[in-house]
There are 2 protein chains.
Amino acid sequence: MFEATKVGRSVSKSEFKEQRDELRTQLLEVQRQLRETHIPVIVVVAGVEAAGKGEVVNRLNEWLDTRGLQTFAYWDLSDEERERPRYWRFWRNLPPRGEIALLFGGWYLTPIEHRFRGLCDDAALDAELTRIVDFERMLTQDGALVVKFWFHLNEKDQKQRLKELSRDDRSRWKMLPEKSKFSEQYELFEHVAERVIRQTDRGIAPWYLVEATDSRYRDLTVGKTLLQAIRARISQPLPMEPPPTADPLDLPDSAPAQITLLDQLDLTQKLERDLYKSELKRLQAEINELTWTAYKKQRTTVLVFEGMDAGGKGGAIRRITSAVDARLYRAIPVAAPSDEEKAHHYLWRFWRHIPRAGYMIIYDRSWYGRVLVERVEGFASEAEWRRAYSEINDFEEQLVEQGAILLKFWLQVSDDEQLERFRDREKTPYKQYKITDEDWRNREKAPQYKAAVNEMVARTSTEYAPWTLVEGDDKPFARIRVLSTICEQLRAALAEDVGASVRSVKRCGDHPERRAKPEARD
Amino acid sequence: MFEATKVGRSVSKSEFKEQRDELRTQLLEVQRQLRETHIPVIVVVAGVEAAGKGEVVNRLNEWLDTRGLQTFAYWDLSDEERERPRYWRFWRNLPPRGEIALLFGGWYLTPIEHRFRGLCDDAALDAELTRIVDFERMLTQDGALVVKFWFHLNEKDQKQRLKELSRDDRSRWKMLPEKSKFSEQYELFEHVAERVIRQTDRGIAPWYLVEATDSRYRDLTVGKTLLQAIRARISQPLPMEPPPTADPLDLPDSAPAQITLLDQLDLTQKLERDLYKSELKRLQAEINELTWTAYKKQRTTVLVFEGMDAGGKGGAIRRITSAVDARLYRAIPVAAPSDEEKAHHYLWRFWRHIPRAGYMIIYDRSWYGRVLVERVEGFASEAEWRRAYSEINDFEEQLVEQGAILLKFWLQVSDDEQLERFRDREKTPYKQYKITDEDWRNREKAPQYKAAVNEMVARTSTEYAPWTLVEGDDKPFARIRVLSTICEQLRAALAEDVGASVRSVKRCGDHPERRAKPEARD
């Protein structure tokens, strides 16, 4: 695969000067155009050690307008990063639409290094590469341009550079063959690199192999390639999307209401008041203990609450929070996104709020808005909400892999009960803020919401992040149902090892084992 | 001071129920009004251990609309926090305008704890309290409402609660008197608390002492106090500002141009080309080494570049970045703030980008815009830019205290030279994006800018963060001037201990000693 990078291409000083200014002008022009678009540009800079990746990045910083250009390297995994899913550190660096980010190694660095150093086998590497492909597809489907450069040196040249390096420089690099077994390790590295490139070289996010021996050739090639890639992307509509099929929600008015999972709920179930009080007390005491255990074991708890308007989400959430030490949980009511959030993939705003390990985070509405309100109201295109199911599943899988305990609740109430609660809210002063015209409008779309919920549960209720459908007509019954579910699940999860539930595949590039939790307020 | 909190106030269950609903309604109403204002509300929840601070926060989460309400606790100092100035963790939690943040202990927690545990003396505590007062003044002057609650228990009641606590609970609390010498430690804690409250109880950010023995009384009091405080703040204009005095910039057209520091620069100085080349090479090599040393020693380098349009900032910055490993620096061109940034104090956007320890960050324009363009163009009120000098000095002091090496450059060019460069930019294709009508307009305000720069330098050139005025007419001369200054300063600073330069006062609450840097890419 790397033959093409070993033919000794070079550019003379005069040629370089000649082409450079024209290239700079065009790069700046295309960057200006980019700013008007909704395209975030992600440039991955990877390759063999000593190929001059840093020099390339400096060159791009010189040629491009640094407004709208950012560079990120991935050293020094901080504990804030270690205590979150591995991709958190990449999500926090994704550029907003219209801007460019240069990533050193990006999500390729650790897997390649781990494999090169024998910390994992090809199977584990492949598992990780599958995730990478999904991740890059998700970004490009959202409108991003992903450009990946691989800089290569032939054995002789890398050996030569190694000679020129100071001991200091050498110590910085972990994937530089040792002098003694140079050829052997050079070959091993090429083997790993080839496997990685082959499996992640997709039309949506192609690799560009660049011969790095001559720096002038290298830099001009990068500049021209980037220029063409951005131009092409701007002139072309969003990446191919699957042809729209009939949306099951478009029911002819005559059509009989579908039978869904929700219809199988027995909403008449009730809980007698005294029993409610005693159960509540017992469960709240247990939850309080369990959250402290989770904190000590550094297991994050993520609770997602979705449900019909007036379904009782708030009441259920309060029964949890009033039992948990206020320092251990955060409740996040999902409101309208800020402009920074709008400038990113819709999951970005949820990634950015993932708590450090050991805490409980409660979402009052969540990323499921994508396949509920955004789908029903048509805010998201069909292609968008259709692919959201797998995007969400992957997001949740990464949370659980890191050790999070993820529970999702849907609170269902009957049509009559909802009507009654709406009226009650209008009557009670301190509840009025909770009822808006929109709530009334949504009632008319009940069948569509019902179908959307049904599909959501069917497609996203996973072994590692199950949905619990809660019969909500009787508030005491619903709350106890929620609390007892949480207790059972937490108890079970805290008994086992971190992430054991889904660690079926050991992935290449996983975080090193987490350290023991320091004393609170260290 | 605490007598008033030991009179045994209580509220009966029936009274409580009676008042609660009305209070909730009013709180929700005032919160709705708050959203329409530019007021961020910061509530500090502090007091003796076991007083039920957590319960109070839960209660407020129950009574208020959780949209626009966030809670933060300060445990588990992360290394991302440890590697930044102490107040970074508070800045990242400050609420946007129109919203409320509940802070457990906030910036009071660590100083009180350290003093109580004898880790510092009263002098060190007082030094920290001065900073706190400045910080709170800055927030309130920016429009914030700061409400501080102190919950107190008499000795008997605290002792009683201690009995009721499980061993687990007790271990969570660091300021709970040990059973053996209870009275003694209870007294010591009151001594510390009284000192802290007395010195930080200002009209702009008053303390409210609340008797915490009866939870119903405690919660109602908090609710009512908060309600009144927000109401009062909404109905009242911004806090008192010093009466505007004549702005030295408003020169009568007839007035003779002022003689300023800038006039004393000899702009005719030049550097001969060959000497430039050799010097550049030498200095860039040294900077490369110095940045690696800084990285290993975990010393952050902050470079601030301000200067006239076409003053040569970009060129100088590129001579630095091309010498530094691209993984070690970030160049931040200061552009227009996002809406999230607009919703906070103007320094917030700079705090949020402070790098972890050991890296170099280069600002192409900076927080000084407040006292330059914002002042001259009238975007900032006189009161705002006048107080900005001390706000900036304090901000920079905190950076240096944490160990940062902070250098500020002003690049000055003559009127004729600037004109020539403007014309050149218009002629050179890849430079055209750099020249706008605004640049031409600014030229007409040269005298005002000159005076503003003069005052800026006079007021913000500190021992720990000096300004370097650079004669910029001859680019080679200016660049060498910048590079050699950086080399000298870095060399000197890296030879001494972290922050030694300003650690004249040891403050109470300083971070624990930092750990050695882990291997790069650990």
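Side-chain atoms are counted along with the backbone in the values below, which use heavy atoms only and exclude waters and symmetry mates. Chain identifiers are assigned alphabetically (A, B, ...) following the order of the sequence lines, protein sequences preceding nucleic acid strands; residue numbering begins at 1 within each chain.
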Contacting region of [X] [heavy-atom separation from chain A under 4.5 Å]:
| X | answer |
| --- | --- |
| B:Val324 | backbone |
| B:Phe104 | side chain |
| B:Leu27 | neither |

| query | What heavy-atom pair brings A:Gly54 and B:Arg327 nearest, and what distance separates the two atoms? | reply |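 Closest approach of A:Gly54 to B:Arg327, heavy atoms only: N-NH2, 4.0 Å.
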| Looking only at heavy atoms, what is the nearest atom pair of A:Asn58 and B:Ala326, with distance? |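 Between these two residues, the closest heavy atoms are OD1-CB, 4.1 Å.
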Report the distance from atom [atom1] of [X] to atom [atom2] of [Y], rounding to the nearest 0.5 Å.
| X | Y | atom1 | atom2 | value |
| --- | --- | --- | --- | --- |
| B:Asp21 | A:Thr428 | CG | OG1 | 9.0 Å |
| A:Tyr433 | B:Leu28 | OH | CG | 5.5 Å |
| A:Lys342 | B:Ser338 | NZ | OG | 11.5 Å |
| B:Arg24 | A:Lys431 | CZ | NZ | 8.0 Å |

| said: Using modelled atom types and a 3.5 Å cut-off, is there a donor and acceptor pairing between side-chain atoms of B:Asp79 and backbone atoms of A:Asp79? | reply: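 Between the backbone of A:Asp79 and the side chain of B:Asp79 there is a qualifying donor-acceptor contact (under 3.5 Å).
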| field | Donor-acceptor pair, side chain of A:Asn61 and main chain of B:Thr321, under 3.5 angstrom | value | no
| Set of side-chain contact (heavy atoms from CB on, under 4.5 Å) partners for B:Lys313, sequence neighbours left out | B:Phe305, B:Asp364, B:Arg365
| said: Quick check on A:Leu328 against chain B: is it the side chain, the backbone, both or neither that has a heavy atom closer than 4.5 Å? | reply: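 Looking at A:Leu328, just its side chain touches chain B.
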| Between A:Gly314, A:Ala335, A:Ala343, A:Ser322, which has the largest tally of heavy atom pairs under 4.5 Å with chain B? |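 Sorted descending by pairs with chain B, the first entry is A:Ser322.
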| field | Steps toward salt bridge (charged side-chain N to carboxylate O under 4.0 Å, His left out) verdict (B:Glu80, A:Arg82) | value | CA-CA 11 Å; B:Glu80 293 219 4; A:Arg82 191 179 287 103; over 6 Å; no
| Does a side-chain N-to-carboxylate-O contact under 4.0 Å join A:Glu340 and B:Arg349? | no
| field | Heavy-atom contacts under 4.5 Å, residues 62-73 of chain A to chain B | value |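 Only A:Glu62, A:Asp65, A:Thr66, A:Arg67, A:Gln70, A:Thr71, A:Phe72, A:Ala73 of residues 62-73 of chain A have a heavy atom under 4.5 Å from chain B.
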